[in-house]
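Notes to accompany the following structure.
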Amino acid sequence: MRIRHFVPAFIAAMALSCAMALAQTVKVGLINTWSGPLAAAGEQIERGTKLYMKLHEKDLPTGVSIELVKRDDTGPNPEVAKRLAQELITRDKVQLLTGVIWTPNALAMAPLVTEAKVPFIIMNAGTAMITTKSPYIARVSFTLWQSSWPLGSWAAKNGLKNVYTLVSDFGPGIDAETAFTKGFTTAGGTIAGAVRMPVTTPDFVPFLQRAKDAKPDAVFVFVPAAKEATAFMKAFGDLGLRSAGIKLIGPGDVTTDEELPGMGDVALGTITMHHYSAAGDRPANKAFVAAFKAEFGAKEEPSFLAADSYDGMAAIFAVVIAQNGKIDPDKTMELLKGWKYDSPRGPIMIDPETRDIVQNEYLRRVDKVNGQLQNTEIETIPMVKDPWKELNKAK
Ligand code: PHB
């Protein structure tokens, strides 16, 4: 009797412990901005990661799961990001790090991920040199050089002679200004004035007034995507730059898709260069936008931050699946180098040499289609590598 009961119980216990031994939970630290004045951008990252997880959890090998350990950096606060990354590495024992909207935060984390050998997949921070700061960094988002440099030569070749640059005074803004200026002046354009603005400014009016007084053909702008972009656009309209015939151009952060409905007609005609538009006419994008709306609401548009974080999760899934849930840091970096994906933004690849993203750049114009504003893609520059790295290659 006893033995008859014992045997099945023993087998069941063995089966359970085998399953537990096989079960692998990969812990991924997601550092994102969930609070503070810039949290709207963080919501896009949250949505992109959540959507990918929901649609693709079934693709993980049996017994393998991914746990996102979420931490709030509250904005561009490098000290906070550094502390959170330290805690995620030492206390929570995460095997991968991801997220990070802000360049100063990514830079503060770079020495930690090198020291601890924790692969760090950047979902936004776009200053070109970030990826040179650690061999454990790979970037799925963009660099400002990818958009602003080609926009500079496009502007000079398309009738703009004098352009006034206005950028947020930190890494991505300075990259945008430098890249645009190089592309524009090399092609014969003249910079009418160049002003750097505080990263979170409640009031763009004084900066735009000075720009208007300089009477340029266009203002080139970089401000962080989401609410800052809308505040800038409103001030551009209120001060009458559009009606004075001054065009607005820049990387796509200023016409971020999810904010277009709230910006109103002042955004019409804005020309931007960017790697993603919710209006992009690609099967992978149509499917992504439909899934995004099904999950978050028919009126919601995904921005580049949602697309990039969706792709970031695709990269994470790829390395987890390839290693069957057993993450080796160096193997992970090797897998990321050359990783390719049919993204909503078009084909993407991680450059095996630089660990930075290679992707299409789209010249876009804000149009009204069926009563709704959208970033219409009007030209494509295929598979752009980060020009800053190309220009600064060791001779
Ligand atoms: C960055 O900090 O690199 C950054 C932040 C917001 C953007 C783009 C880049 O819209």
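Read the numbers this way: they start at 1 and go in the same order the structure lists the ligands and their atoms. The chain is numbered in sequence order, starting from 1.
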Which atom pairs, one a donor and one an acceptor, fall under 3.5 Å between side chains of residues 202-210 and the rest of the protein, sequence neighbours left out?
residue	atom	partner	partner atom	Å
Asp203	OD1	Val205	N	3.0
Gln209	NE2	Asp213	OD1	3.0

Polar contacts were defined as any N/O atom of the residue lying under 3.5 Å from an N/O atom of the ligand; does this apply to [X] and ligand 1?
X      : answer
Trp102 : no
Gly126 : yes
Phe170 : no
Asn124 : no

Check: Tyr276/Asp257 side-chain N/O donor and acceptor closer than 3.5 Å: no
Among Thr143, Thr354, Thr131, exactly one meets side-chain hydrogen bond (donor to acceptor under 3.5 Å, both in side chains) together with Lys389. Which residue is that? Thr131
Would you compute the distance between atom CG of Asp356 and atom NZ of Lys385 and round it to the nearest 0.5 angstrom? 10.5 Å
Taking only non-hydrogen atoms of Ala125, do any sit less than 4.0 angstrom from ligand 1? yes
Using a 4.0 Å cutoff against the non-hydrogen atoms of Ile101, which atoms of ligand 1 qualify? 1 (C), 2 (O), 3 (O), 4 (C), 5 (C)
Against heavy atoms of Thr103, which atoms of ligand 1 measure under 4.0 Å? 1 (C), 2 (O), 3 (O)
Do Arg365 and Glu377 sit within salt-bridge range, that is, some charged N less than 4.0 Å from a carboxylate O? no
Is it true that Lys70 and Glu46 make a salt bridge, defined as a side-chain N closer than 4.0 Å to a carboxylate O? yes
So which bit of Asp253 gets within less than 4.0 Å of ligand 1, heavy atoms only: side chain, backbone, both or neither? side chain
Pro172 contact mode with ligand 1 (heavy-atom cut-off under 4.0 Å): side chain
Is the distance between the ring centroids of Phe120 and Tyr136 under 6.0 Å? no
